[in-house]
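Positions are given from 1 along the sequence.
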Amino acid sequence: MAFQLGDDNSQSMNEMNLIPLIDIMLVLMIIFLLTATVLNPTVPLDLPKTSAALNDMPPEVIQISIDKDAGIFWDSDPISLEALEVRLQEQSASGKDPSVQLRADKDSKYDTVAQVLAAASQAGLSKIAFVNE
């Protein structure tokens, strides 16, 4: 934009103000976008048909707890080490391949934990998890 100083008043302004036109164009574009989404809210899709097999139930979980006095618990029932070995053999023979969750008190003897782990290993159970809280 050039400005001219002086007495020459015969020239008129050759520039046009485009800001109101741009504002109107933006408002019309927003109105068009809003009405286009209202008129056609869904997009038709042809999705493929599939057949999914049902998943097997998760394997049984055996919870074995050891307290600080070397007491062994199957879920919440007290059990001896010999009875534990028998029940672990039964669970292994059932073919369900259960997982063992072992909870041991922080003051429990490591010897008891090792005996429970050995009994589970001899029974053929390989999914053993240590649970702490």
CD1 of Ile79 to CG of Leu88: how many Å apart, nearest 0.5 Å? 7.5 Å
Does Asp77 offer a backbone N or O that forms a donor-acceptor pair with the side chain of Asp75 under 3.5 Å? no
Looking only at heavy atoms, what is the nearest atom pair of Ser92 and Ala123, with distance? OG-O, 2.6 Å
Would you give the length of the straight line joining atom OG of Ser99 to atom CD of Gln63, rounded to the nearest 0.5 angstrom? 9.0 Å
In the single-linkage hydrophobic clustering (I, L, V, M, F, W, Y; side-chain heavy atoms under 4.5 Å), do Leu84 and Val61 co-cluster? no
Find the distance between CD1 (Ile22) and CG (Asn17) and round it off to the nearest 0.5 Å. 9.0 Å
What's the separation between atom CD1 in Ile62 and atom NZ in Lys127, rounded to the nearest 0.5 Å? 11.5 Å
Measuring from Lys109:NZ to Asp67:CG, what's the distance to the nearest 0.5 Å? 11.5 Å
Just so I know, are the side chains of Met29 and Leu26 near enough to count as touching, which here means a heavy-atom distance under 4.5 Å? yes
Cluster link Phe73 to Val86, ILVMFWY, side chain under 4.5 Å: no
Output the distance between atom CD1 (Ile24) and atom CD1 (Ile19), rounded to the nearest 0.5 Å. 12.5 Å
Should Val116 and Val131 be regarded as members of a common hydrophobic cluster, given that ILVMFWY residues are connected when their side-chain heavy atoms come within less than 4.5 Å of each other, either directly or indirectly? no
Between Thr112 and Ala70, is there a donor-acceptor pair closer than 3.5 Å when you use the side chain of the first and the backbone of the second? no
As a quick check of understanding, evaluate side-chain contact (heavy atoms from CB on, under 4.5 Å) for Met16 and Leu21, giving each step before the final call. CA-CA 10 Å; Met16 183 174 173; Leu21 295 175; 4.0 Å; yes
